[in-house]
There are 2 protein chains.
Amino acid sequence: MTIKDKLPEELREKPASKRDPAAKKQALIKATLDTIAEIGITDTSVSRIIERAGLSRGMIHLHFGGKDNLLTVAAQQFSEQYYAEMDRMTDLGPNASPEDRVLAVIEADLSESLLNPRSTKIWHAFRGISSSHPGIARYSSTQDERLVSTLRQAFDELEKVGCYPPNHAEDATSGTLALLEGMWVNYLTDMAGFSRERSVDLICRFLSGLFPGSFLR
Amino acid sequence: MTIKDKLPEELREKPASKRDPAAKKQALIKATLDTIAEIGITDTSVSRIIERAGLSRGMIHLHFGGKDNLLTVAAQQFSEQYYAEMDRMTDLGPNASPEDRVLAVIEADLSESLLNPRSTKIWHAFRGISSSHPGIARYSSTQDERLVSTLRQAFDELEKVGCYPPNHAEDATSGTLALLEGMWVNYLTDMAGFSRERSVDLICRFLSGLFPGSFLR
DNA sequence: ATCACTAATGGACGATCGTCCATTAATTGT
DNA sequence: ACAATTAATGGACGATCGTCCATTAGTGAT
């Protein structure tokens, strides 16, 4: 912990000029993700990445120890950014109904800021190579612990109100995530024909079947 | 059309020995898919493919005109095989109830013969590169026309029985496919923890919410 | 101003990439 | 038996891959 870290944000970002390892690392990560989104993961080479980042050839080995590590770190950061934005968008007040909290997750996941051409391409690219890159596989699952438990808690509360068969909240959680997964695939496959609103409505219709009286629109 | 083509199957497959373009093409396609499943699409090179097929270097260019074309043909054939097997498994008698026909699709899609380590890895690998390979994108959608209309027809019949809001059958169709999509992702992500039976049950629970009285187990 | 230190550069390296083609081998037709 | 035809081979090719390191340049301390 240096003294720099205690300064306010504006001053901390001063160096900016020639020497700034952290900024360079970040530039490489961003360049990696942008390259994947633009030309695909198979054509994302060290040359393409450093070219886009405007840096020199040795930087990847210097800062990450190799291309594979850079890819893994990029996947990790991409995943973290998704969940950070998801948190930001689902941070309702303490009095929000469980129904509203579920709806917030669905609408966030299908919103422009999370579901867009760039993110979908990157997400599916990483998932496509995940089975042969164990390090990346860890960040290509939808089953993020916190997201699951957010949904689970909300469905648990809804379950208490009525009388439901066993595992109802658990199935509702898994099913909602699966439906969202399917919507992302639909978006990747046909961006022009995709409608966020219709997708939300569709998921709500399924949920209102599970919890009669709720999720009606 | 040579005389060979008129001979019975057993005799037609005779050549088998040194010269057999069709068999060699097929061997290359199979080797391609196997390689993708085993070491991932990024490491699937011409060398790895011909090595696995036990053929010589020039074959890919000779029979397919290049690696990209081979990849596209492999994706196409993989997709066709999926739908052929799906057809085979959902070919119920003419008196099957709509409910049974929907169930047959779900159980087929989640069966060992369609959903297994090899097929999931290949499927997601192709989808991951689909945005940068337009030729492959055509075969990486779940929205196969015939499968959609099979489900759609069954849900239409179920819809007639009761009284439902507009677009009910359409939403049931999209939602079912989305749920299946999500189940494939779950399988890819965690094969050991995946249960086909629980997955079928989960989808049925969602569908019985949509069509009260049906899909109960 | 000088020094020690580390960020950053960019070219060299061997390996592998995908394509192509001159050659060889197998088959067919006469 | 002898062309004619076509399948198949396997090495050569230039391009590009990812890694590595000797060198240069910027920074902060004295």
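Values below: all heavy atoms of this structure, side chains included; hydrogens, waters and symmetry mates excluded. Per chain, numbering begins at 1; letters A, B, ... match sequence-line order.
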Colleague: Could you give the NZ-to-P distance, from A/K18 to C/dT9, as a whole number of Å?
Modeller: 9 Å
Colleague: Check every atom of D/dT9, D/dG18, C/dG18 against the side chain of A/S45 and return the nucleotide holding the closest atom.
Modeller: D/dG18
Colleague: Would you say A/N116 and A/S119 are linked by a side-chain donor-acceptor pair, where the criterion is simply a distance under 3.5 Å?
Modeller: yes
Colleague: Hey, is the side chain of B/K24 poking within less than 4.0 Å of OP1 or OP2 on D/dA8, counting only N and O atoms?
Modeller: yes
Colleague: Under 4.0 Å, counting only non-hydrogen atoms across every strand here, what does A/L62 touch: a base, just sugar-phosphate, or nothing?
Modeller: base
Colleague: Is the distance from OP1 or OP2 of C/dA8 to the nearest side-chain N or O of A/H63 less than 4.0 Å?
Modeller: yes
Colleague: Would you mind writing out the side-chain donor-acceptor pairs for residues 187-195 of chain A within the sub-3.5 Å range, not counting sequence neighbours?
Modeller:
| unit_1 | atom_1 | unit_2 | atom_2 | d |
| --- | --- | --- | --- | --- |
| A/T189 | OG1 | A/V185 | O | 2.8 |
| A/D190 | OD1 | A/G193 | N | 3.1 |
| A/S195 | OG | A/E197 | N | 3.4 |
| A/S195 | OG | A/R198 | N | 3.0 |

Colleague: Could you tell me whether the phosphate oxygens of C/dG10, OP1 or OP2, come under 4.0 Å of any side-chain nitrogen or oxygen in A/S56?
Modeller: no
Colleague: So for atom CZ, which belongs to B/R138, do other residues, nucleotides or ligands contribute more than 12 heavy atoms lying within a distance under 6.0 Å?
Modeller: no
Colleague: Among D/dT19, D/dG26, C/dC17, which nucleotide has an atom closest to any side-chain atom of A/V46?
Modeller: D/dT19
Colleague: Can you find a donor-acceptor pair, distance only, under 3.5 Å between A/R19 side chain and D/dG26 base?
Modeller: yes
Colleague: What integer distance in Å separates A/L70:CG from D/dG18:P?
Modeller: 11 Å
Colleague: Does the side chain of B/S47 get closer than 4.0 angstrom to OP1 or OP2 of C/dC17 through an N or O atom?
Modeller: yes
Colleague: Rounded to whole angstrom units, what separation is found between the CG atom of A/D20 and the P atom of C/dT9?
Modeller: 12 Å
Colleague: Measure from the side-chain heavy atoms of B/H61 and tell me the nearest of C/dA7, D/dT27, C/dT19.
Modeller: C/dT19
Colleague: Identify the residue among A/K121, A/R52, A/R48 that makes a side chain to side chain donor-acceptor pair (under 3.5 Å) with A/E38.
Modeller: A/R52
Colleague: Report the distance from atom CZ of A/R48 to atom C1' of C/dC17, rounded to the nearest whole Å.
Modeller: 14 Å
Colleague: Where the side chain of B/R127 meets the backbone of B/S140, is there a donor-acceptor pair that is under 3.5 Å apart?
Modeller: yes
Colleague: Rounding to an integer number of Å, can you tell me how far A/R57 CZ sits from D/dT19 P?
Modeller: 10 Å
Colleague: Quickly work out the A/E51 CD to C/dT9 P distance and round it to whole Å.
Modeller: 15 Å
Colleague: What's the closest nucleotide to the A/M59 side chain, out of D/dT9, C/dA8, D/dG18?
Modeller: C/dA8
Colleague: Counting side-chain heavy atoms from C-beta on, which of D/dA8, D/dT27, D/dT19 comes nearest to A/K67?
Modeller: D/dT19
Colleague: Under 3.5 Å, is there a donor-acceptor pair between the side chain of B/R196 and the main chain of B/L115?
Modeller: yes
Colleague: Just how large is the angle between the end axes of the helix from C/dA1-D/dT30 to C/dT30-D/dA1, five pairs per end, to 10 degrees?
Modeller: 10°
Colleague: Could you tell me whether A/K30 atom NZ has more than 12 heavy atoms of other residues or ligands within 6.0 Å of it?
Modeller: no
Colleague: State, to 0.1 Å, how close A/R57 and A/S47 come at their nearest heavy-atom pair, and which atoms those are.
Modeller: NH1-OG, 3.4 Å
Colleague: Between atom CG in A/L28 and atom C1' in D/dT19, what is the gap in whole Å?
Modeller: 15 Å
Colleague: Using atom CZ of B/F64 as one end and atom P of D/dA8 as the other, report the distance to the nearest whole Å.
Modeller: 11 Å
